[in-house]
Asks: 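Quick one: the structure is below, and I'll ask about it shortly.
Computed from a prediction, not measured in an experiment: that's the story for all the values here.
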Amino acid sequence: MDTRYVQSFITVVECGSLAEAARRLDLTPAAIAARVKALEEDLGVALVKRAGRNVKATEAGLKVMERARQVLREVRDLHAAATDDTPLGEFRLGASTSALIGLLPPVLRRVYDTHPKLAIYVEPGTSRDLYHRTTAGDLDATLIVEPQFAIPKEYEWRLLAEEPLVVLAPAHLADHDAHAVMASEPFIRYDRSVWGGRMADRYLRQHGIRPHERLEIDGLMAISSMVAQGLGVSLVPDWAPAWLDTLPLVKLRLPDPAPVRRMGLLWAGRAPHAQLARVFYACAQAQLELPG
């Protein structure tokens with residue numbers, strides 16, 4: 001059995017689309033379909049089925065999904081162990097979209113300076129989805145917004161950064177009041193389906209600010225670029241100061257006390273790769289100069 005075919009099957013089910021799976025794996029839809037069909041013939045069962053424009057797993061497909069993920073994980077660990085001096089295997093790390101740009105790169109630099117042979121797989125996503133994938137065992141650890149509910153006792157959470165909410169605005173509004181700007185200028189809303197967006201929405205409602213909403217989007221890089229083009233203002237976490245400071249925009253501070261988005265690392269304390277999560281956190285702690 002070719003593990004590339006297993007990966008194609010898993011990706012099709014996760015994406016719900018042959019075309020999207022092909023884009024993610026840098027293949028043609030025909031190649032993806034051929035791989036899934038070959039896997040079905042090998043197992044002797046249908047694994048996926050059409051549902052309108054989408055593709056879903058059959059009952060048999062759902063039964064093998066978790067085992068298929070486990071197979072791929074073990075194969076990656078095998079490759080990692082074969083090319084490393086230690087039998088640690090591959091570290092599967094989730095990272096929210098904003099963490100990929102702001103928090104993760106300098107931490108990864110410290111990780112690789114300290115452990116140059118460590119094999120890391122990074123899975124992007126929203127904090128909500130990555131949280132569930134970590135608690136389901138698909139990921140070893142994840143860099144996400146602190147959940148607004150109790151974390152199960154078997155999981156460890158460590159704070160890495162606190163990001164106050166700020167109003168992003170075009171440079172010509174530098175001397176204006178943050179609340180007045182949000183009430184008068186076209187508003188680009190941070191998606192309320194993500195945890196950071198909910199925090200921003202809660203702040204607006206608590207202060208009775210009813211912005212003239214132009215659009216709603218999940219993507220802090222996209223929001224920042226749109227504000228820099230003069231399309232409106234937005235209320236977002238101060239998530240990547242070094243990157244934001246390169247754009248022609250200003251950050252208007254909210255009156256104290258401003259809400260703070262807390263970013264951190266979550267992992268299962270007794271999982272097989274928990275030691276790798278602790279190694280990663282120790283590197284992050286050193287890089288970000290966090291207290292011990």
Asks: For side chain to side chain contact (heavy atoms under 4.5 Å, CB included), just list the numbers for Y190 and L220, CA-CA rounded to whole Å, side-chain angles, deciding distance to a tenth of an Å, and then say yes or no.
Replies: CA-CA 8 Å; Y190 188 19; L220 292 175; 3.7 Å; yes
Asks: Is the shortest side-chain heavy-atom distance between E163 and V260 below 4.5 Å?
Replies: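 No, every pair of side-chain atoms sits at 4.5 Å or beyond.
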Asks: In terms of the angle between their ring planes, are H207 and H179 parallel, tilted or perpendicular, with boundaries placed at 30° and 60°?
Replies: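 Perpendicular: the ring planes of H207 and H179 meet at over 60°.
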Asks: How long is the straight-line distance from CD1 of I144 back to OH of Y131, given to the nearest 0.5 Å?
Replies: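 Reported to 0.5 Å precision, the distance equals 7.5 Å.
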Asks: Report yes or no: do L168 and L165 belong to one cluster of Ile/Leu/Val/Met/Phe/Trp/Tyr joined by side chain heavy-atom distances under 4.5 Å?
Replies: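 Not linked; separate clusters.
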Asks: Rounded to the nearest 0.5 Å, what separation is found between the CD atom of Q229 and the CG atom of L247?
Replies: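 It is 9.5 Å, given to the nearest 0.5 Å.
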Asks: Are L93 and Y121 packed together at the side-chain level, in the sense that at least one heavy-atom pair is separated by less than 4.5 angstrom?
Replies: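 Counting from C-beta outward, L93 and Y121 never come under 4.5 Å.
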Asks: Quick check: is M199 connected to F149 through a chain of hydrophobic side chains (ILVMFWY, heavy atoms under 4.5 Å apart)?
Replies: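 Unlinked, F149 and M199 end up in two clusters.
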Asks: If the threshold is 4.0 Å, N to carboxylate O, is there a salt bridge linking R270 and E154?
Replies: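 E154 and R270: not salt-bridged.
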Asks: Below 4.5 Å, heavy atoms only, C-beta onward: do E66 and D138 meet side chain to side chain?
Replies: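 The answer is yes, as the side chains (C-beta and beyond) meet within the 4.5 Å cut-off.
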Asks: If you compare all heavy atoms of V107 against all heavy atoms of A284, which two are closest, and at what distance to 0.1 Å?
Replies: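 Nearest heavy atoms, V107 then A284: CG1-CB, 3.6 Å.
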Asks: For D245, does the CG atom sit with more than 12 other heavy atoms under 6.0 Å from it, leaving out its own atoms?
Replies: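 Counting other residues, nucleotides and ligands, CG of D245 exceeds 12 neighbours.
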Asks: First locate atom CE of M182, then atom CZ of R189, and finally report the distance between them rounded to the nearest 0.5 Å.
Replies: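 M182 CE to R189 CZ: 10.5 Å, rounded to 0.5 Å.
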Asks: Is there a side-chain contact between V64 and F9 (heavy atoms, below 4.5 Å)?
Replies: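 Answer yes - side chains close enough.
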Asks: Which is it for L276 and L118 under the side chain to side chain contact (heavy atoms under 4.5 Å, CB included) test, yes or no, and what are the steps along the way?
Replies: CA-CA 9 Å; L276 286 180; L118 181 59; 3.7 Å; yes
Asks: Keeping the roles fixed (side chain from S98, backbone from W239), state whether a donor-acceptor pair exists under 3.5 Å.
Replies: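 No, S98 side chain to W239 backbone: no donor-acceptor pair under 3.5 Å.
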Asks: Distance check, rounded to the nearest 0.5 Å: M221 atom CE versus L244 atom CG?
Replies: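 With rounding to 0.5 Å, CE (M221) is 10.0 Å from CG (L244).
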Asks: Whether the side chain of D191 engages the backbone of V194 through a donor-acceptor N/O pair (distance < 3.5 Å, no angle test) should be reported.
Replies: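 Flag not set: sc D191 to bb V194 has no pair under 3.5 Å.
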Asks: Going through the distances and angles, do V12 and L18 end up as a side chain to side chain contact (heavy atoms under 4.5 Å, CB included)?
Replies: CA-CA 6 Å; V12 166; L18 287 171; 3.8 Å; yes
Asks: Check this for me, if you would: do D201 and R205 make a salt bridge, where the nitrogen-to-carboxylate-oxygen distance has to be below 4.0 angstrom?
Replies: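 Looking at D201 and R205, the cut-off is met.
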Asks: Below 4.5 Å, heavy atoms only, C-beta onward: do L254 and Y203 meet side chain to side chain?
Replies: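 Side chain of L254 against side chain of Y203, heavy atoms only: contact under 4.5 Å found.
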Asks: With a 4.5 Å limit on heavy-atom distance, are the side chains of F187 and H212 in contact?
Replies: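 Of all side-chain heavy-atom pairs linking H212 with F187, none is under 4.5 Å.
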Asks: Does this structure show an ion pair linking R35 with D2, if we count only N-O contacts that are shorter than 4.0 Å?
Replies: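 So R35 does not pair with D2 through a salt bridge.
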Asks: Please answer whether the main-chain N or O of I188 pairs with a side-chain N or O of S234 as donor and acceptor at a distance below 3.5 Å.
Replies: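 Pair found, side chain donor or acceptor close to backbone of I188.
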Asks: Look at atom CD of E213 and say whether more than 12 heavy atoms of other residues, nucleotides or ligands are closer to it than 6.0 Å.
Replies: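 Counting neighbours around CD of E213, more than 12 heavy atoms of other residues, nucleotides or ligands fall under 6.0 Å, so yes.
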Asks: Are T58 and V45 close enough, and set up right, to give a side chain to side chain contact (heavy atoms under 4.5 Å, CB included), and what steps lead you there?
Replies: CA-CA 9 Å; T58 62; V45 293; over 6 Å; no
Asks: If Ile, Leu, Val, Met, Phe, Trp and Tyr residues are connected whenever their side-chain heavy atoms lie under 4.5 Å apart, and connections chain through other members, are L159 and L143 in the same group?
Replies: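 No; tracing contacts between hydrophobic side chains, which count when under 4.5 Å, never links both residues.
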Asks: Indicate yes or no for a side-chain donor-acceptor contact from E216 to the backbone of R192 under 3.5 Å, with no hydrogens or angles considered.
Replies: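 Checked: pair present.
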Asks: Please report the closest heavy-atom contact between G230 and P170, naming both atoms and the distance.
Replies: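 What the structure gives for the nearest pair is CA-CG, 4.0 Å.
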Asks: Main chain of L231, side chain of R214: is a donor-acceptor contact present, judged purely on distance under 3.5 Å?
Replies: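 Yes, R214 side chain to L231 backbone: donor-acceptor pair under 3.5 Å.
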Asks: Can you tell me how far apart CZ (F280) and CD (Q285) are? Round to the nearest 0.5 Å.
Replies: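 Reported to 0.5 Å precision, the distance equals 12.5 Å.
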Asks: Do W195 and Q148 touch side chain to side chain, with heavy atoms closer than 4.5 Å?
Replies: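 Not in contact.
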Asks: Show the nearest heavy-atom pair for residues A57 and L62, with the distance to one decimal.
Replies: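 So the two residues come closest at CB-CD2, 3.7 Å.
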Asks: Answer yes if L266 and V279 sit in the same cluster of Ile, Leu, Val, Met, Phe, Trp and Tyr residues linked by side chain heavy atoms under 4.5 Å apart, and no otherwise.
Replies: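 No, separate clusters.
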Asks: In Å, rounded to the nearest 0.5 Å, how long is the span from CE of M226 to CD1 of I217?
Replies: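 Between M226 CE and I217 CD1, I get 4.0 Å after rounding to 0.5 Å.
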Asks: Can you check whether V48's main-chain N or O pairs, donor with acceptor, with E40's side chain at less than 3.5 Å?
Replies: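 A pair under 3.5 Å: yes.
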Asks: Are the charged groups of E20 and R23 less than 4.0 angstrom apart, N to O?
Replies: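 A salt bridge links E20 with R23.
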Asks: Do the side chains of W267 and V145 join up, straight or via other hydrophobic residues, at under 4.5 Å, putting them in one cluster?
Replies: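 Yes, same cluster.
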Asks: Is there a donor-acceptor contact under 3.5 Å from the side chain of D140 to the main chain of R92?
Replies: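 Pair found, side chain donor or acceptor close to backbone of R92.
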Asks: Check whether any side-chain heavy atom of V13 sits under 4.5 Å from a side-chain heavy atom of K56, and report yes or no.
Replies: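 Heavy-atom side-chain distance check fails, nothing below 4.5 Å.
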Asks: Identify the heavy atoms of L139 and G94 that sit nearest to each other, and give their distance.
Replies: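 Nearest heavy atoms, L139 then G94: CD1-CA, 3.8 Å.
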Asks: To check you understand the geometry: which heavy-atom pair defines the closest contact between S224 and L249, and what is its length?
Replies: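 Distance-wise, the nearest heavy atoms are O-CD2, 3.5 Å.
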Asks: Please find the pair of heavy atoms, one from C283 and one from H115, that lie closest to each other, and give the distance.
Replies: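 Minimum heavy-atom contact is SG-CD2, 4.1 Å.
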